[in-house]
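Lettering of chains follows the sequences in order, A, B, ..., and the numbering in each one begins at 1.
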Amino acid sequence: MGDLAAEKHAKYILLVEKRKDDVESVLMEHLRINGAYWGLTTLDILGKLEAVEQEKVVPWVMSCQHQSGGFGGNEGHDPHLLYTLSAIQILALFDKIEVLDIDKVSSYIASLQNEDGSFSGDIWGEIDTRFSYVAICSLALLHRLDRINVEKAVKYIISCKNLDGGFGCTPGAESHAGQIFCCIGALAIMGSLHYVDKDLLGWWLCERQVKSGGLNGRPEKLPDVCYSWWVLSSLIMIDRVHWIDKEKLVKFILDCQDIEKGGISDRPDDAVDVFHTYFGVAGLSLLEYPGLKAIDPAYALPVDVVNRIFLR
Amino acid sequence: MDSDEDDRIPLSQRPEWSDVTPVPQDDGPNPVVPISYSKEFAETMGYVRAVYLADERSHRALQLTAEAIHFNAGNYTVWQFRRLILEALNADLHDELEFVEHLASKNSKNYQLWHHRRWVAEKLGTEAAGRELEFTKKIFVNDAKNYHAWSHRQWVLQTLGGWEDELAYCDELLEDDIFNNSAWNQVSYAVKAILTKPENESSWRYLRGLYKNSMPSFVMDRRVSTVCLTVLTTKANCVFALSLLLDLLSNGFEPNQELKNAVEALLPESRDQDSDMAVTICSVLEIVDPMRVNYWRWRKKSLHSEVEEGVRNLRVH
């Protein structure tokens with residue numbers, strides 16, 4: 001294990017922006033705005049955001065906005081809640097939320113809440129607790145939670161709670177660490193964590209740590225760096241993070257680095273990508289690794305950015 | 001990709017597309033994340049953009065979205081456009097089910113694919129229930145834990161029906177997994193599963209979940225403590241067995257001498273035995289599960305209040 005190759009990771013992210021002939025970039029076209037959020041947030045946590053010209057990023061983000069108020073994954077793509085949150089988060093990183101027509105964006109998000117309190121991802125109606133999180137996080141960052149029925153939104157999320165204390169994507173669906181993050185994050189933002197059985201869920205979450213120190217997303221699955229975010233942030237939000245071995249997790253994440261070219265992979269010796277680089281660096285930030293900016297476990301943005309929004 | 005896509009004719013050379021001018025992706029003069037596209041993919045997307053902008057909901061546009069989806073099944077916009085075309089053409093949705101099945105045989109973990117499948121099934125209504133259940137079954141043959149397929153199955157059962165055979169199917173799956181074909185009731189079923197593979201967290205959780213709403217029967221049912229004891233005799237450091245015993249004790253369970261002896265034997269001689277068996281178990285767990293040492297310390301600390309509450313609850317019942 002070495003230390004965190006912070007400089008290399010920053011360089012890797014900046015290079016992704018310029019790379020040619022790359023399968024990953026082709027497949028990312030439709031979710032480029034998610035990719036930009038992962039990359040830019042990583043740079044900010046590493047203290048390197050100034051290497052990016054916001055004069056280029058902000059107009060591009062705005063060009064992904066659809067007339068409905070929602071954002072697409074790239075220019076000319078249809079709007080979806082997933083991309084709308086990434087757009088808001090990117091603007092927040094640059095302290096540029098004011099360029100948004102906030103009423104228009106929040107109307108778009110609010111229009112996707114259903115009668116039972118759940119959220120559809122877009123006009124096509126797919127329902128998932130991921131979309132509840134994305135909608136609630138977006139509206140909170142815009143100071144517009146009053147645009148939806150918060151009580152019903154909470155009730156729907158609670159209806160997705162399982163006997164093991166975890167949450168699934170819809171009522172009755174299996175507990176999954178990614179969905180748990182979404183549900184716990186949304187409940188945290190809405191001040192409703194008292195509906196969660198923290199000891200029971202904490203036990204399920206800390207059982208995700210496997211011998212190598214890494215975390216998995218469901219019982220009997222392989223560990224993956226991305227769960228350093230989903231599981232860890234959930235444990236922090238319910239105040240049970242001291243139930244896992246943090247040092248071993250730090251070691252696992254550091255073992256997933258490409259120390260020569262930069263970037264972090266899902267497991268040691270696999271190929272790196274922007275997604276896992278973000279989750280690795282964000283996980284280390286949650287673990288208070290030295291030299292990194294602190295990240296907020298509910299909003300998935302650096303704490304100083306969140307403070308700028310809520311304490312201004 | 002399909003083998004028949006090796007001799008794919010470029011769209012620019014197909015007569016039926018001669019009237020359309022492709023629209024390239026506009027990345028601007030200084031794109032934020034410049035992208036280099038494969039030639040065929042870029043060409044296909046150029047034609048997709050052209051028909052999308054012209055809002056052409058035709059058979060050839062439908063075929064084109066299929067090609068684009070084969071290149072990249074993750075593109076929301078293409079899927080959505082495809083649904084608009086299907087609606088406009090009033091297309092036979094059974095063909096669409098086949099299209100999705102073909103894709104799923106290559107990539108069963110794509111979100112859009114499953115959402116699309118649900119959209120089609122919802123349109124077809126209850127008549128689709130049987131086929132949808134069969135479809136997920138096929139996925140489970142290769143990936144018994146596929147999260148999308150399980151979610152889809154849940155949705156089908158809740159929306160379109162078919163619950164009546166579901167328990168039998170789940171039995172079948174579980175039996176495949178643990179090599180047994182007897183008809184057990186749920187507790188002995190879980191016990192059997194645990195004994196077959198004690199390191200499988202899921203069967204322990206399942207057993208615990210069966211008593212979720214009935215603490216007295218959890219504590220009174222000797223089968224629970226027996227399975228813990230059996231596992232511990234061959235696998236002394238089994239965290240799941242120890243933690244289940246701990247749950248029993250903190251809810252007022254009274255161990256017999258055999259169990260007491262077995263647990264006492266687990267603690268190294270260098271450590272002091274505690275007259276309270278639950279405390280001893282916590283000490284054992286601190287040693288055998290060092291990653292979660294703080295959790296077990298917390299359990300130990302909260303034991304007194306837990307046991308009192310557990311006994312009180314038992315009396316109430």
Side-chain angles (χ1 to χ4, degrees), chain A residues 16-23 25-32 35-36 39 56-57 60-61 63 72-78 80 82-83 121-126 128 163-164 168-174 176 199 202-204 206-207 209 211 213 218-221 240 242-245 248, chain B residues 23 25-28 30-38 41-42 45 49 52-53 71-72 74-81 83 111-112 114-116 118-119 122 145 147-148 150-151 154-155 157-158 199-202 204-205 208-209 212 239-240 243 290-296 298-299 302:
Chain A
V16 172
E17 299 189 3
K18 296 177 183 108
R19 227 167 9 173
K20 311 271 179 202
D21 301 325
D22 187 301
V23 184
S25 347
V26 175
L27 295 177
M28 292 255 302
E29 190 230 339
H30 65 283
L31 44 73
R32 213 179 191 180
K56 283 179 187 164
V57 179
W60 168 69
V61 168
S63 75
N74 204 338
E75 282 179 67
H77 285 239
D78 288 345
H80 194 286
L82 292 170
Y83 308 129
D122 60 14
I123 54 162
W124 292 97
E126 183 187 9
D128 190 314
L163 284 181
D164 54 22
C169 60
T170 45
E174 182 188 352
H176 184 292
D199 294 333
W203 165 235
W204 191 91
C206 76
E207 268 296 298
Q209 190 164 35
K211 283 205 181 68
R218 282 186 286 158
E220 309 290 307
K221 304 282 271 186
R240 297 294 181 275
H242 52 287
W243 285 355
I244 60 164
D245 188 329
K248 275 194 120 175
Chain B
V23 180
Q25 167 83 19
D26 182 6
D27 285 338
N30 288 303
V32 180
V33 191
I35 287 168
S36 172
Y37 307 96
S38 94
F41 177 64
M45 287 310 292
R49 269 178 225 104
Y52 178 75
L53 291 171
F71 277 117
N72 178 11
N75 191 318
Y76 263 103
T77 303
V78 176
W79 281 106
Q80 291 171 359
F81 186 45
R83 287 189 282 273
Y111 272 103
Q112 285 81 337
W114 287 99
H115 173 54
H116 188 71
R118 188 177 296 191
W119 178 82
E122 197 161 27
K145 290 182 188 174
Y147 190 78
H148 300 280
W150 276 111
S151 302
Q154 286 277 338
W155 174 83
L157 291 165
Q158 282 173 20
E199 61 277 19
N200 185 347
E201 180 187 336
S202 303
W204 290 97
R205 285 196 184 278
R208 184 72 181 80
K212 182 70 185 176
V239 173
F240 303 125
S243 78
M291 277 199 302
R292 283 166 277 269
V293 64
N294 288 332
Y295 175 72
W296 301 118
W298 170 78
R299 287 293 298 262
S302 16

- Task: Among the options B:Trp155, B:Tyr52, B:Phe81, pick out the one with the most heavy-atom pairs lying under 4.5 Å from chain A.
- Result: B:Tyr52

- Looking at A:Lys211, A:Glu174, A:Arg218, which makes the most heavy-atom pairs under 4.5 Å with chain B? A:Arg218

- Measure A:Ile123 against the heavy atoms of chain B and call it side chain, backbone, both or neither at under 4.5 Å. neither

- Item | Flag, side chain of A:Arg32 to backbone of A:Asn74, donor-acceptor distance under 3.5 Å | no

- Residue B:Trp79 versus chain A: region with a heavy atom under 4.5 Å: neither

- Item | For A:Asp128, all residues meeting side-chain hydrogen bond (donor to acceptor under 3.5 Å, both in side chains), sequence neighbours excluded | A:Arg130, A:Gln179

- Query: Would a distance-only check, ignoring hydrogens and angles, find a side-chain to backbone donor-acceptor pair under 3.5 Å from A:Gln209 to A:Asp245?
  - Reply: yes

- Query: Quick one: are A:Glu220 and B:Asn200 in side-chain contact, heavy atoms under 4.5 Å?
  - Reply: yes

- Report the option among A:Lys221, A:His80, A:Lys248 that has the most heavy-atom pairs separated by less than 4.5 Å from atoms of chain B. A:His80

- Message: If you define the side chain from C-beta out and look only at heavy atoms, does anything of B:Trp150 sit under 4.5 Å from A:His176?
- Response: no

- Side chain / backbone / both / neither for A:His242 at chain B, heavy atoms under 4.5 Å: both

- Pick one of side chain, backbone, both or neither for B:Arg292, based on which atoms fall under 4.5 Å of a heavy atom in chain A. both

- Query: So B:Trp119 and B:His116, would you call those rings parallel, tilted or perpendicular, with 30° and 60° as cut-offs?
  - Reply: parallel

- Message: Under 4.5 Å from any heavy atom of chain B, what part of A:Arg240 do you find: side chain, backbone, both or neither?
- Response: neither

- Item | Contacting region of B:Glu122 [heavy-atom separation from chain A under 4.5 Å] | neither

- Find out whether A:His77 and B:Tyr76 are in side-chain contact, i.e. whether some heavy atom of one side chain is under 4.5 Å from a heavy atom of the other. no

- Item | B:Gln154, part contacting chain A, at a heavy-atom distance under 4.5 Å | side chain

- Task: Between chain B and each of A:Asp122, A:Val61, A:Thr170, count heavy-atom pairs under 4.5 Å; write down the option with the most.
- Result: A:Asp122

- Message: Please classify the contact between B:Arg208 and chain A as side chain, backbone, both or neither, with a heavy-atom cut-off of under 4.5 Å.
- Response: neither

- What distance do A:Asp78 atom CG and B:Gln80 atom CD have between them, rounded to the nearest 0.5 Å? 4.5 Å

